[in-house]
Enquirer: 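First the structure, then my questions, so here it is.
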Amino acid sequence: MTSGLRLFDTLSRRKTPFVPLDPARVRVYVCGPTVYQRIHVGNARPLVVFDVLFRLLRRRYGAERVVYVRNITDVDDKIIDQARKNGEPIEALTERTIRDFRADAEALGCLPPTHEPRATEHIGEMIGLIETLLAKGHAYVAEGHVLFHVPSMPAYGRLSGRDREEQIAGARVEVAPYKKDPADFVLWKPAAADEPGWPSPWGRGRPGWHIECSAMAERYLGPLPFDVHAGGQDLIFPHHENEIAQSCCARDQELMARFWLHNGFVQMAGEKMAKSLGNVVRVAEVLERYPGEAVRLWLLSAHYRQPLDCSEEALTEARDALRRWYRVLADNRIATDDPGTCEGRVEDALCDDLATPAAIAALHGLATRANKAESAGEREEAARALKGEAALLGLLGADPAGWLKHAAPAGTLSEAEVEARLARRREARKARDFATADAIRAELEAAGIVLKDRPDGRTDWERR
RNA sequence: GGCCCGGUGGCAGAGUGGCCAUGCAGCGGACUGCAAAUCCGCGUACGUCGGUUCGAUUCCGGCCCGGGCCUCCA
């Protein structure tokens with residue numbers, strides 16, 4: 001019933017059927033955060049999108065057969081700078097940021113990855129990889145640095161689709177004098193006395209950013225190549241290009257990963273969200289105003305390779321769509337722990353390069369089917385399918401009634417206060433005193449409570 | 001300057017060589033004491049100019065516009 005999975009590979013620039021190298025061990029690596037500040041909604045996109053990929057692969061190959069690695073970069077210049085600025089120890093900054101990151105990821109409904117390695121715990125593997133590159137003539141030592149020599153790899157530039165001349169012509173950063181070639185990049189750099197550092201054959205120092213991922217990916221997913229390597233589009237160059245250079249040259253492999261997946265940017269009013277533009281919005285800020293599940297749905301509302309605009313309208317629409325779906329579950333008394341049923345609609349959609357908009361359309365179709373069904377049996381069947389299908393997207397896992405009557409914001413009516421007013425209104429309606437009944441309804445509406453009179457005389461309510 | 005993506009109805013956002021996305025908003029109707037929710041119906045959408053074709057929003061080319069990357073960046 002379900003079709004084969006096809007994914008767009010950045011390297012070949014084509015949608016290609018996905019066949020795992022080893023179906024018993026499907027291997028995925030996603031570049032995780034550099035932990036110097038809380039993540040913004042742009043950072044959240046790969047988190048959620050590739051969580052859906054993780055769920056899809058688990059569904060297709062078995063939960064225990066998918067290895068999903070998402071690293072944590074906890075040594076980096078930006079971390080050193082931020083800790084200095086805050087006047088706090090580096091470890092305090094990184095530990096706190098990691099805690100915040102995990103809280104954000106959980107709020108967005110992301111499953112924990114199989115492995116979440118920290119760069120500082122894999123310095124040994126990085127040094128080993130650098131030694132191999134030196135021994136094979138792909139790297140050299142200069143003034144305490146170890147540099148990867150880009151001309152030693154003829155295939156360099158394939159992923160990003162640029163040749164050497166372009167790179168040189170486009171270079172906008174001053175070239176360090178010790179570089180043999182302007183494109184050469186750092187594998188290891190010396191550390192000042194007040195900076196974090198580790199002993200190495202080249203003196204006390206710390207790793208370059210790119211070598212971290214090469215080392216951790218191989219440590220958990222080796223031998224090369226593994227199945228999928230993913231991240232944001234801005235990582236294509238130089239980060240992923242350099243990872244490929246390091247890993248492939250060290251292991252004499254043509255490929256580091258069979259599939260390279262890259263998500264598009266989150267935009268603010270049509271522009272990239274970036275600190276330099278001053279338009280970043282942290283996930284934590286959005287979570288103060290919208291349920292995490294609504295943020296997740298919004299992040300999946302456009303195809304992952306397209307740009308996605310962040311706006312109140314878009315987030316509100318996502319929240320309202322969830323309301324519609326949760327109403328269907330609540331109306332049909334679908335229990336929170338009911339796994340629901342699976343018709344394969346969402347899976348079919350996702351198999352076409354993670355077509356989440358089509359998957360969401362399928363969920364709307366199931367909601368409509370439930371709402372318009374003639375018999376209670378048909379209604380419940382569609383509602384249970386909605387629940388089961390949504391699970392593959394990591395949605396609709398909450399208690400429906402609780403979601404619709406979510407925690408009362410400060411200063412508004414408690415659930416008991418709402419029920420008390422509903423009891424008075426019921427008496428008024430029974431006495432056909434509609435003026436009183438409507439006054440109570442207006443009072444509740446002003447407090448954000450919307451009523452729904454049912455044919456059987458009872459009244460449902462939701463909090464807006 | 002080089003390279004890469006896009007331009008779809010009021011908005012968001014899929015997709016397809018000829019027929020349907022989907023959601024929100026809007027309009028009309030059903031239901032309701034009135035609402036809300038829900039359902040039914042409605043709206044001559046594919047940047048522009050050429051080409052290929054029986055037929056193009058969909059393929060090809062030019063142009064215009066927008067966004068991104070070119071060693072901080074999800």
Side-chain angles (χ1 to χ4, degrees), chain A residues 10 13 30-34 36 39-50 76-78 81 150 157 160-163 165-175 182-186 208-210 230-239 241-242 262-267 270-276 280 297-298 301-303 305-309 311 313-314 316-318 320-321 323-324 327-328 330-331 349 352 355-365 367-368 370-373 429 432-435 437-438 441-442 445 449-455 459-462 464:
Chain A
T10 304
R13 279 162 243 283
V30 174
C31 288
T34 299
Y36 67 109
I39 59 168
H40 58 68
V41 294
N43 298 306
R45 195 174 188 190
L47 218 55
V48 168
V49 162
F50 300 123
D76 182 272
D77 289 353
K78 291 194 291 292
D81 293 345
V150 168
S160 51
R162 61 191 90 225
D163 61 33
E165 283 65 36
E166 286 163 13
Q167 292 158 41
I168 295 164
R172 63 179 184 187
V173 166
E174 289 204 26
V175 178
D184 292 350
F185 57 89
V186 171
W209 176 35
H210 317 301
Q233 271 173 358
D234 49 354
L235 297 185
I236 294 173
F237 189 87
H239 187 53
E241 196 74 78
N242 291 352
H262 294 97
N263 64 274
F265 293 115
V266 171
Q267 305 188 328
E271 275 185 323
K272 179 181 173 178
M273 179 176 291
K275 274 204 299 177
S276 53
V280 285
L297 178 59
W298 161 66
S301 66
H303 183 85
R305 284 189 282 118
Q306 295 301 128
L308 174 69
D309 218 76
S311 67
E313 295 73 31
T316 301
E317 196 173 322
D320 291 347
R323 249 177 215 157
R324 171 165 136 91
R327 259 181 223 128
V328 171
D331 289 349
D352 181 17
T356 52
I360 291 167
L363 296 183
H364 278 298
T368 300
N371 285 330
K372 72 197 290 187
R429 290 183 73 213
R432 301 196 67 79
D433 176 6
F434 295 122
D438 289 353
R441 185 169 62 197
E445 190 172 348
I449 310 293
V450 178
L451 306 188
K452 193 198 298 190
D453 292 326
R454 310 195 329 172
T459 299
D460 286 340
W461 60 276
E462 294 176 14
R464 292 294 157 84

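Here is the naming used below: chain letters follow the sequence lines, and residue numbers restart at 1 for every chain.
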Enquirer: Within the structure shown, what part of the strands sits under 4.0 Å from A:K78 by heavy-atom distance: base, sugar-phosphate, or nothing?
Expert: sugar-phosphate
Enquirer: Work out which heavy atom in A:H303 is nearest to a heavy atom in A:P357; give both atom names and the distance.
Expert: N-CG, 3.5 Å
Enquirer: Check the phosphate of B:C69 against A:K272, side-chain N and O only, distance under 4.0 Å to OP1 or OP2. Yes or no?
Expert: yes
Enquirer: Apply side chain to side chain donor-acceptor pair (under 3.5 Å) to A:W461 and list each qualifying residue two or more places apart in sequence or on a separate chain.
Expert: A:E419
Enquirer: A:L451 near the nucleic acid: base, sugar-phosphate alone, or nothing, with a heavy-atom cut-off under 4.0 Å?
Expert: base
Enquirer: So, under a plain 3.5 Å distance rule, would you say the side chain of A:D438 forms a donor-acceptor pair with the base of B:G33?
Expert: yes
Enquirer: Going by ring-ring contact (aromatic ring centres under 6.0 Å, His included), name the residues that satisfy it together with A:H210, two or more places apart in sequence or in a different chain.
Expert: A:F185, A:H239
Enquirer: Collect all protein-nucleotide pairs involving nucleotides 8-16 of chain B in which both atoms are nitrogen or oxygen and the distance is under 3.5 Å.
Expert:
residue: B:A14; atom: OP1; partner: A:H303; partner atom: N; Å: 2.6

Enquirer: Examine the base of B:A74 for any acceptor or donor lying under 3.5 Å from a partner atom in the side chain of A:R45, and report the outcome as yes or no.
Expert: no
Enquirer: Cut-off 3.5 Å, side chains only: do A:T368 and A:R324 have a donor facing an acceptor?
Expert: yes
Enquirer: In Å, rounded to the nearest 0.5 Å, how long is the span from CH2 of A:W209 to CG of A:D76?
Expert: 8.0 Å
Enquirer: Would you please enumerate the stems RNA chain B participates in, each stem being three or more consecutive Watson-Crick or G-U wobble pairs with both distances under 3.5 Å?
Expert: B:1-7 with B:64-70, B:10-12 with B:22-24, B:26-30 with B:38-42, B:47-51 with B:59-63
Enquirer: Are the side chain of A:E241 and the backbone N or O of A:G157 linked by a donor-acceptor pair below 3.5 Å?
Expert: yes
Enquirer: Using heavy atoms to find the nearest nucleotide of RNA chain B for A:D331 and A:E271 separately, return the residue whose nucleotide is more 5′.
Expert: A:D331
Enquirer: When all nucleic acid strands are considered with a 4.0 Å heavy-atom cut-off, which category describes A:G365: base, sugar-phosphate, or nothing?
Expert: nothing
Enquirer: Among the nucleotides B:A37, B:C72, B:G33, which one has an atom lying closest to any side-chain atom of A:F434?
Expert: B:G33
Enquirer: What interatomic distance, in whole Å, is found between P of B:G66 and the corresponding atom of B:C54?
Expert: 38 Å
Enquirer: Please work out if A:D453 contacts a base, only the sugar-phosphate, or nothing of the nucleic acid, heavy-atom cut-off 4.0 Å.
Expert: base
Enquirer: How would you list, by chain and number, every residue that makes a side chain to side chain donor-acceptor pair (under 3.5 Å) with A:N263, sequence neighbours excluded?
Expert: none
Enquirer: Inspect the contact between A:D460 and A:R327 and indicate whether a charged nitrogen and a carboxylate oxygen are less than 4.0 angstrom apart.
Expert: no
Enquirer: For A:A359, does its backbone N or O pair with a side-chain atom of A:T356 as donor and acceptor, under 3.5 Å?
Expert: no
Enquirer: Using atom P in both nucleotides, what's the gap between B:G29 and B:C19 to the nearest angstrom?
Expert: 32 Å
Enquirer: When you measure from the side chain of A:H364, which nucleotide among B:U22, B:C69, B:A74 comes out closest?
Expert: B:U22
Enquirer: Measuring only the C1' atom in each nucleotide, how far is B:G43 from B:G9? A whole number of Å is fine.
Expert: 9 Å
Enquirer: One thing to verify: whether A:D81 and A:K78 come together as a salt bridge, which I'm taking to mean a side-chain N less than 4.0 angstrom from a carboxylate O.
Expert: no
Enquirer: Rounded to the nearest 0.5 Å, what's the gap from CD on A:Q233 to CZ on A:R45? Could you check?
Expert: 8.0 Å
Enquirer: For A:G270, answer base if it contacts any base atom (sugar-phosphate contacts may also be present), sugar-phosphate if it contacts only those atoms, and nothing otherwise; contact means non-hydrogen atoms under 4.0 Å.
Expert: sugar-phosphate
Enquirer: Do A:R441 side-chain and B:C34 base share a donor-acceptor contact under 3.5 Å?
Expert: yes
Enquirer: Nearest whole Å is fine: how far is B:A74 P from A:F50 CZ?
Expert: 13 Å
Enquirer: Determine the interatomic distance between P on B:G6 and the same-named atom on B:G13; round to the nearest Å.
Expert: 14 Å
Enquirer: Are any protein N/O atoms closer than 3.5 Å to N/O atoms in nucleotides 39-42 of chain B? If there are, list each pair with its distance.
Expert:
residue: B:C40; atom: OP1; partner: A:K372; partner atom: NZ; Å: 2.5

